[in-house]
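Since the structure comes first, as structure tokens, the remarks are kept for the end.
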Protein chains: 2
Amino acid sequence: MTIYDISRLSGVSVTTVSRVINGSEKVSEKTRKKVLKIIKESGYTPNAFARGLGLNTMRTIGILCVDPADTNSCINLTPAIGYLERELRRNNYDSILYCLEYNMQGKEDYLKMMLERRVDAIIIVGSFFIESNPKNNQCILDAAGSVPVFLINGNLEGENIYCMLCDDFNSSYMATSELISTNVRDILFLYTTLSESEKRKMDGYIAAMKDHDLAVSQDYIRHCPQDVRESYRFFESLAEEGLKYDGIVTCEDTTAVSALKYALSKGIAIPEQLSVVGCGNTILSQYCYPELTTIDGNYESLCVSAVNMLVRHLEGTPAPSRAVISSRLIRRNTTKFYGME
Amino acid sequence: MTIYDISRLSGVSVTTVSRVINGSEKVSEKTRKKVLKIIKESGYTPNAFARGLGLNTMRTIGILCVDPADTNSCINLTPAIGYLERELRRNNYDSILYCLEYNMQGKEDYLKMMLERRVDAIIIVGSFFIESNPKNNQCILDAAGSVPVFLINGNLEGENIYCMLCDDFNSSYMATSELISTNVRDILFLYTTLSESEKRKMDGYIAAMKDHDLAVSQDYIRHCPQDVRESYRFFESLAEEGLKYDGIVTCEDTTAVSALKYALSKGIAIPEQLSVVGCGNTILSQYCYPELTTIDGNYESLCVSAVNMLVRHLEGTPAPSRAVISSRLIRRNTTKFYGME
DNA sequence: ATGAAAGCGCTAACAT
DNA sequence: ATGTTAGCGCTTTCAT
């Protein structure tokens, strides 16, 4: 069933049928009714490929993200896929997923595949896609030569590249300040990947310590493994080492929850003896015990803004190339209240 | 830059260029080299829309799933998106996501959109997409009239419909039997949505109880809310009611972990006073304390099988229309060991 | 308001 | 081994 069949069946030209399908004004009500009736009866749907060929778009967006099944990946970002899909669909775009393992193998190939697929734009989810070695970001700049590229919590300067940034610096700054305000002093900062995002968080921690006249010691800035078991051992080794701490600020909820598990198994009182702030406001932060005080990076807003910018850009409206979304502290039960001893 | 440009630039016909692009044998090595060189130099990539129009496929699969950002949804299924995307890509298919809120609003529309998009097949992830009222499944049967439909843990008879089933019955049967074997007797069965999948789990629980000559009481088969807070209150109300239980079998890890949190806050010893088995082997089961004994539904195998069948079907090879994947018990720290008192 | 016809860029049947 | 040409099913320009 093609537009020609509909044309023949309803006794009008294909042009008119096309007009009806696309809701053009310039069709008499009578003709429109007639054509619509035939279309309905015959169950005809326009061929999307032919439309795509003519219009040179099928309204699809390529989403580059980490594999939601990869247990080593940062779980903060999985919901972003959902937010993006929802917002894009609201604007009549389809989302094609390109999932990468956490090692980022094949980033360049995937970008190429998107362009071959002729996506209208590319969204890259996560700061780890932006590497410190500029050479490894060249493929992104190249892709931006063909279609606009939108980065969710990624920072990269370039023509046709739009950055939606999470205020990572302030996240850790808030978390650290919160602990300090409840008289916690020996605060551990735990990172896992040292991605660009985590580097900014580290800076926030350092700034908060300094602003409160507390010494910043490299002993208190540590790498914690991602794996649950390994991170347990990490906390054991910290104890063996004799490091004293009464507060922890992490880059991910997973790390914070691991700390909680260790504390629980050792009978360390939370938050009285040890206060913990996570990051992500992930499902883990609600299901752990005690419930975790954490930073909500507001990924939903990040995604909504990204799609807004994308739509505006594709419609030809100029859009700002950069937006920073503020994060907020979610106070739960792993930190003391102000004034609590 | 089109195939005609390449044709002109390399002095051969478009057919030959097309042959080179598609790796046909019937091209002399010399010609192939020449054309490839021109293609490379010009940075030409074939127009996917034109190909799609000619071949009537763009090798895309529509995936209907619950929104990964929906906190009310079953988190067991989020990794499935990743598994499917990975397997499909290995077979050169792109995945288009169609995410639904947990209320399933718009299922029918989404299926229609997929067909309009001319996907090559549809994969539906989750048993809740199959409803008990056959009228609500008609849209799936209709869709199967156009393209093959693959259900991940969904059971629906129909032409061109393929079912990959998780052995839900046996999951709960195993979980319940495990508890009984460690002398746990008063076992609570907790469901949340009573989807088809959960109904089968309930049957498994009942069968295990009966097979071990234990009475099955409706008092011990309960609905537990999904929300963390509400489920905490649910356990409180159970205590007020005076219901005695020393074991819990759940349909989801979330429910099990909520039970753990309640027990922890009330000083109930796990597993000595209360044994718990979850379902899903989700990230929660590893990050909770104590680590949760749970059922791994083997969703990865489910997804791999689904894509295998899909590929075989689309290649014209006959494929079985149904596969049941066995689940397995992951023993961790919320259940006693056999012989432990 | 309606229609004829020229693209869009590829693949494949057929011819050489 | 290579080329000619007719589709694939739409949109759009230009007439009328």
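Throughout, a chain's letter reflects where its sequence line sits, starting with A, and its residues are numbered from 1.
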B/S13 side chain: which of D/dT12, D/dC10, D/dG3 is closest?
D/dG3

For D/dT11 and A/R51 - does any side-chain N or O of the residue sit under 4.0 Å from the phosphate oxygens OP1/OP2?
yes

Rounded distance (Å) that lies between atom P of C/dA13 and atom CG of B/N22
13 Å

From CE of A/M58 across to C1' of C/dC10 the rounded distance in Å is 15 Å

Between NZ of A/K30 and C1' of C/dA1 the distance, given in whole Å, is 12 Å

Can you tell me if CD on B/E108 sees more than 12 non-hydrogen neighbours from other groups inside 6.0 Å?
no

Examine C/dT2: is either OP1 or OP2 under 4.0 Å from a nitrogen or oxygen in the side chain of A/T31? Give yes or no.
yes

Taking the side chain of B/A50 as heavy atoms from C-beta outward, which of C/dG9, C/dT2, D/dT11 is closest to it?
C/dG9

Selected nucleotide, minimal atom distance to B/K26 side chain, candidates D/dT12, D/dA1, C/dT2
D/dA1

Of B/R32 and B/R118, the one whose closest DNA chain D nucleotide lies more 5'
B/R32

Short N-O contact, A/E29 and A/R32, less than 4.0 angstrom:
yes

Take B/R59 and B/L88 through the side-chain contact (heavy atoms from CB on, under 4.5 Å) test and state the conclusion after the steps.
CA-CA 10 Å; B/R59 295 186 76 89; B/L88 288 169; over 6 Å; no

Which whole-number value in Å describes the distance from B/E29 CD to D/dT2 P?
11 Å

Rounded interatomic separation in angstrom, taking CG from A/D5 and P from D/dG9
9 Å

For A/F150 and A/Y162, take the angle between the two ring planes, folded into 0 to 90°, and tell me which bin it lands in: parallel under 30, tilted 30 to 60, perpendicular over 60.
parallel

Given that A/V14 and B/I21 both sit by DNA chain C, which one's nearest nucleotide is further toward the 5' end?
A/V14

Between B/L55 (CG) and D/dG7 (P), how many Å, whole number?
17 Å

Sorted by position of nearest nucleotide on DNA chain C, 5' first, the leading residue of A/Y4 and A/V12 is A/V12

Answer yes or no: does a side-chain N or O of B/S18 lie under 4.0 Å from OP1 or OP2 of C/dT11?
yes

Could you state the atom-to-atom distance from CZ of B/F49 to P of C/dG9 in whole Å?
11 Å

Looking at B/T16, does any N or O in its side chain come under 4.0 Å of the phosphate oxygens OP1/OP2 on D/dG3?
yes

Phosphate OP1/OP2 of C/dC8: any B/N47 side-chain N/O under 4.0 Å:
no

Do NZ/NE/NH1/NH2 and the carboxylate oxygens of B/R51 and A/E116 come within less than 4.0 Å?
no

CA sep, side-chain torsions, deciding dist, call: A/N155, A/R322, side chain to side chain donor-acceptor pair (under 3.5 Å):
CA-CA 9 Å; A/N155 202 352; A/R322 178 169 290 259; 3.0 Å; yes

Along DNA chain D (nearest heavy atom to each residue), the more 5'-positioned of B/G11 and A/I3
B/G11

C/dT2 OP1/OP2 closer than 4.0 Å to side-chain N/O of A/S28:
yes

Give the rounded distance in Å between these two atoms: CG of B/L53 and P of D/dG9.
7 Å

For a quick check, tell me whether the side chain of B/T15 and the base of D/dT4 share a donor-acceptor pair closer than 3.5 Å.
yes

